[in-house]
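Inspection log for the structure reproduced underneath, given as structure tokens.
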Amino acid sequence: MRVYRGSLFALLMLLFIGINMYGWRSSGVNHILIFEVDPRNHLSHQDLLEVSACCLSIWALSILVFLFSYSSYLGLPRSVFPLTLVLFLIVFVVNPIKIFYYKARVWLLRILGRIVAAPFFKVNFPDFWLADQLNSLVPVFTDAYFLICFYCIYGNAVDRDSDNRATDGESRRCSSYAYGYGIRSLVHCLPAWFRFAQCVRRYRDTRKAFPHLVNAGKYSTTFFVVISQSLAAGAREAGNHGSETTFFTFWVISALISSCYTLTWDLKMDWGLLQTFSGENKFLREEIIYSQGFYYFAMVQNSVIRFFPIVNLSIWRWFGFVDADILAPIFGFFEVWRRFCWNFIRLENEHLNNCGQFRAVRDISVTPLEGDDQETLNAMMDNQDGVYNRYVDYGTARIPQYATKLAGRYGVPCPVSDDDDE
């Protein structure tokens with residue numbers, strides 16, 4: 001299960017981001033401007049959905065071959081197929097040849113490099129947004145460690161058993177918290193560390209303790225959860241029930257604090273909801289783009305899934321590792337789903353707040369453009385006199401007719417300006 005689980009979650013996340021892009025575009029959320037990408041050189045939502053669908057088809061074919069032992073006709077051990085799948089996905093992303101969306105892959109690798117070296121680079125919106133996605137893909141990191149451990153140390157075990165399977169003891173040893181001097185725990189903390197380092201860097205650049213140091217504190221709670229979890233698991237493996245109970249108590253307390261902390265931050269800071277003066281949008285905010293029902297649904301499902309670690313604790317305590325390991329893919333899928341819903345409102349909130357306090361961009365209209373509006377905007381940008389007004393002053397004769405047309409149609413200030421404060 002572990003040899004295929006991580007790649008599945010990564011591909012599902014890719015598929016969901018493609019759907020996110022379609023939703024942002026349909027709702028008028030200018031994600032292209034927020035992510036600072038050139039739409040001529042980067043993937044559209046159609047391209048992203050196509051790539052994810054093809055990769056998921058290859059994943060399904062690989063697992064079918066693995067499960068039904070077709071390797072006997074090819075003269076290959078079963079362990080070859082999951083390894084081949086992972087190598088194919090890695091080569092597809094890092095391939096230096098200028099084919100298969102080369103510029104988009106370079107952009108992705110550049111952002112990933114900035115995430116890994118977070119304390120040493122200025123943090124932009126794409127950096128911390130992608131790092132947030134990685135925080136929902138923790139099984140990808142832990143399963144990657146499992147794959148390296150299994151194939152490097154016990155890769156030949158699949159050829160020793162009569163039914164061509166590795167022994168349970170060898171497989172469990174790579175997934176043990178005690179094995180490898182806590183390397184699995186360190187790998188588990190990597191996504192949280194990336195965001196923690198980014199928050200510290202943003203505090204260094206802005207000298208604003210709120211929200212950056214407070215946000216860093218949110219990610220630091222993950223460290224305490226993982227440390228107490230690792231100590232409790234190590235005590236259980238060693239048969240030390242007294243220490244296990246103590247560490248398990250710390251695990252429960254840290255998990256509760258982390259869940260409450262992250263949930264509050266999701267609703268208040270990332271989504272900008274639960275505002276006092278929200279008008280007709282009760283418990284939301286005054287200005288929204290999507291329907292009210294979607295926000296209420298997102299709030300409920302986000303709250304439930306944020307407390308799934310507590311459910312996992314109960315299973316670990318009363319049923320042991322086997323049942324918890326079986327439920328891990330279910331919890332992992334729901335976390336990817338939570339991030340999928342989170343992305344819609346996070347980008348919408350960033351759009352409405354003009355990309356936060358650390359970036360300056362042009363004002364952009366929330367209302368989706370109609371068919372002839374693109375030509376109108378192009379004409380406005382090509383006007384020799386430029387566009388001087390951020391609002392429509394109907395008493396001024398110098399207002400371009402294009403700005404008046406857009407303002408009259410949408411009932412909002414003219415959304416285009418030649419000013420760039422950055």
Side-chain angles (χ1 to χ4, degrees), residues 1-20 43 45-95 99-101 105 108 133-134 136-175 187 321-340:
M1 182 180 296
R2 287 179 177 271
V3 293
Y4 280 103
R5 184 177 64 186
S7 56
L8 175 61
F9 288 155
L11 295 176
L12 284 177
M13 180 67 79
L14 187 66
L15 177 67
F16 285 156
I17 292 176
I19 301 175
N20 285 141
L43 302 184
H45 68 275
Q46 296 100 326
D47 296 327
L48 204 60
L49 291 173
E50 179 182 343
V51 170
S52 59
C54 291
C55 291
L56 283 170
S57 300
I58 296 174
W59 181 91
L61 179 62
S62 176
I63 197 171
L64 285 174
V65 173
F66 178 82
L67 292 176
F68 290 98
S69 302
Y70 289 162
S71 58
S72 59
Y73 298 99
L74 301 176
L76 298 173
R78 297 174 68 189
S79 61
V80 168
F81 295 102
L83 180 61
T84 302
L85 173 67
V86 172
L87 292 177
F88 167 79
L89 296 176
I90 294 175
V91 171
F92 178 82
V93 175
V94 302
N95 172 27
I99 57 175
F100 300 124
Y101 310 108
R105 292 186 288 107
L108 174 63
Q133 310 306 302
L134 297 181
S136 293
L137 294 175
V138 172
V140 175
F141 288 82
T142 55
D143 289 349
Y145 163 73
F146 175 85
L147 283 173
I148 295 173
C149 173
F150 184 79
Y151 281 101
C152 291
I153 302 177
Y154 303 112
N156 61 341
V158 292
D159 299 323
R160 294 203 301 264
D161 293 343
S162 59
D163 58 347
N164 206 31
R165 291 180 298 180
T167 61
D168 291 339
E170 291 166 332
S171 177
R172 289 189 180 281
R173 189 176 181 185
C174 284
S175 60
V187 172
F321 287 108
V322 177
D323 296 89
D325 208 32
I326 293 175
L327 290 178
I330 300 176
F331 293 157
F333 170 79
F334 278 113
E335 174 58 25
V336 172
W337 170 264
R338 187 196 67 81
R339 185 64 64 179
F340 166 65

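Here the structure is a predicted model, which is why all the values come from computation and not from measurement. Computed over heavy atoms, backbone and side chain alike; hydrogens, waters and symmetry mates excluded. The first residue in the sequence is number 1, and the count goes up from there.
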Applying side-chain contact (heavy atoms from CB on, under 4.5 Å) to Leu56 and Leu8, what does each step give before you reach the verdict? CA-CA 8 Å; Leu56 283 170; Leu8 175 61; 4.0 Å; yes

To the nearest 0.5 Å, atom OH of Tyr101 lies from atom CD of Glu50 at 4.5 Å

dist Ser7:OG -> Ile58:CD1 (nearest 0.5 Å) comes out at 11.5 Å

Should Asp143 and Phe9 be marked as a side-chain contact (heavy atoms from CB on, under 4.5 Å) after you check the CA-CA gap, both sets of side-chain angles, and the distance that decides it?
CA-CA 11 Å; Asp143 289 349; Phe9 288 155; 5.6 Å; no

Determine whether a donor-acceptor pair (N or O, by modelled atom type, separation under 3.5 Å) exists between the side chain of Arg2 and the backbone of Thr142. no

### Query
Any sub-3.5 Å donor-acceptor pair from Tyr4's side-chain atoms to Ser62's backbone N or O?
yes

Rounded to the nearest 0.5 angstrom, the CZ-CG distance for Phe92 and Leu89 is 9.0 Å

Taken to the nearest 0.5 Å, the spacing of Asn20 CG from Leu15 CG works out to 10.0 Å

Taken to the nearest 0.5 Å, the spacing of Asp47 CG from His45 NE2 works out to 9.0 Å

Minimal heavy-atom distance between Val140 and Gly6, with the atoms involved, is CG2-O, 3.3 Å

Requested in this report: Taking Tyr151 for its side chain and Ser79 for its backbone only, find out whether a donor-acceptor pair lies under 3.5 Å.
Outcome: yes

Tightest non-hydrogen contact, residues Arg105 and Ile99, listed as NH2-O, 2.7 Å

Here the gap from Phe333 atom CZ to Met13 atom CE, rounded to the nearest 0.5 Å, amounts to 11.0 Å

### Task
Would you check if the distance from the ring center of Phe334 to the ring center of Trp337 is below 6.0 Å?
no

List the steps and the verdict of side-chain contact (heavy atoms from CB on, under 4.5 Å) for Leu14 and Cys55.
CA-CA 10 Å; Leu14 187 66; Cys55 291; 5.5 Å; no

- Query: Could you go step by step and tell me if Thr84 and Phe81 meet the side-chain contact (heavy atoms from CB on, under 4.5 Å) rule?
  - Reply: CA-CA 5 Å; Thr84 302; Phe81 295 102; 5.6 Å; no

In short, Leu134 meets Phe141 closest at the heavy-atom pair O-CE1, 4.0 Å

